[in-house]
Amino acid sequence: MTPSLPTVAAAIRAAMLTADPRDKVMATRSVARDWAAGQLAFAFDVTMPDVPARPAQPELLPPSQMPKRGRGGSERGRLALIHALCHIEFVAIDLALDAAGRFGAERGRDFVSDWLGVAADEAMHFALLARRLRTLGSHYGAMPAHDGLWDAARETAHDVAARLAVVPMVLEARGLDVTPQTIARFQAADDHTTARILQRIVDDEVRHVRFGTSHFAKVCAERGKQAPQLWKTLVTQHFRGSVKPPFNDSARRSAGLSCEMMAALA
Ligand SMILES: [Fe+2]
Ligand SMILES: [Fe+2]
């Protein structure tokens, strides 16, 4: 390691502790860019924060207190849906940064590269949806948002296998199942711009889930465990929700969630 370079852990921690959304996007992009350019030392001299910094808006509410978005085709309902997705991408930035900064020391450079690449993707997804909200006369922070998306990070902070089993392989994989219907909903409302943004997001998410499944497989091999069985055990221990169909089988398969893996959870 070159002692004069800033460390990757310090750069990641600083991005996680940046509250302002625009600044967090810029900080995340520069961590990913500097890492790829060899400008950050592979060194983990600081720990990751338990909770990342959050802007004053949106107000975070427990899921039970979130206003109902409604299933209908109203413009307000669609705006609230874009806001909810924008918030998910905002939290996803920190989830990817945290994976790289928390588990990078034990998992190595490729792991750091993959999750910093994911963090940069999430920053782009957030920026696209935040810009869409502004074009539609709203903005990120204009509505309350779901407070609970960090629970999975807290619950799996002790073990990289648990983190991968739950965050990319359950939560992000769920996005592969539901996003095609969301895209159809925007297309039906003639909002093709939002539909295109969501299509780009889902294409990237297939890769994120694939990073999850492939790093999980490596951890399983090192621990002498079968991936389907360990996945089931960790999901049962650390994920409160249920993993249930309908599944987007083709997207899941291209993300490495084979029939054998899915059968383990059934
Ligand atoms: Fe995303
Ligand atoms: Fe993602």
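Order of listing sets the numbers, starting from 1, for every ligand and every atom in it. Note that these values count all heavy atoms, side chains included, but never hydrogens, waters or copies made by symmetry.
- Under the rule for a salt bridge (charged side-chain N to carboxylate O under 4.0 Å, His left out), the partners of Arg207 that lie at least two apart in sequence or sit in another chain are Asp121, Asp204.
- Taking Phe211 as the reference, nothing meets the ring pair (Phe, Tyr, Trp, His ring centres under 6.0 Å) condition, with sequence neighbours excluded.
- When you scan the N, O or S atoms of Glu89 for the one nearest the Fe ion (ligand 1), you land on OE1.
- Look at His125 and the Fe ion (ligand 2): no N/O/S atom of the residue is under 2.8 Å from the metal.
- A centroid separation of 6.0 Å or more is found between the aromatic rings of His192 and Phe186.
- Atoms OE2 of Glu205 and OE1 of Glu122, as seen from the Fe ion (ligand 1), are separated by an angle of 110°, to the nearest 10°.
- With 2.8 Å as the limit, Glu172 counts as an N, O or S neighbour of the Fe ion (ligand 2).
- Listed for the Arg253 side chain is no donor-acceptor partner under 3.5 Å among the backbone atoms of Cys259.
- Here Asp121 fails the criterion, with no N, O or S atom under 2.8 Å of the Fe ion (ligand 1).
- Note on His208: its N/O/S atom closest to the Fe ion (ligand 2) is ND1.
- Environment of CD in Glu75: sparse, with no more than 12 heavy atoms of neighbouring residues, nucleotides or ligands closer than 6.0 Å.
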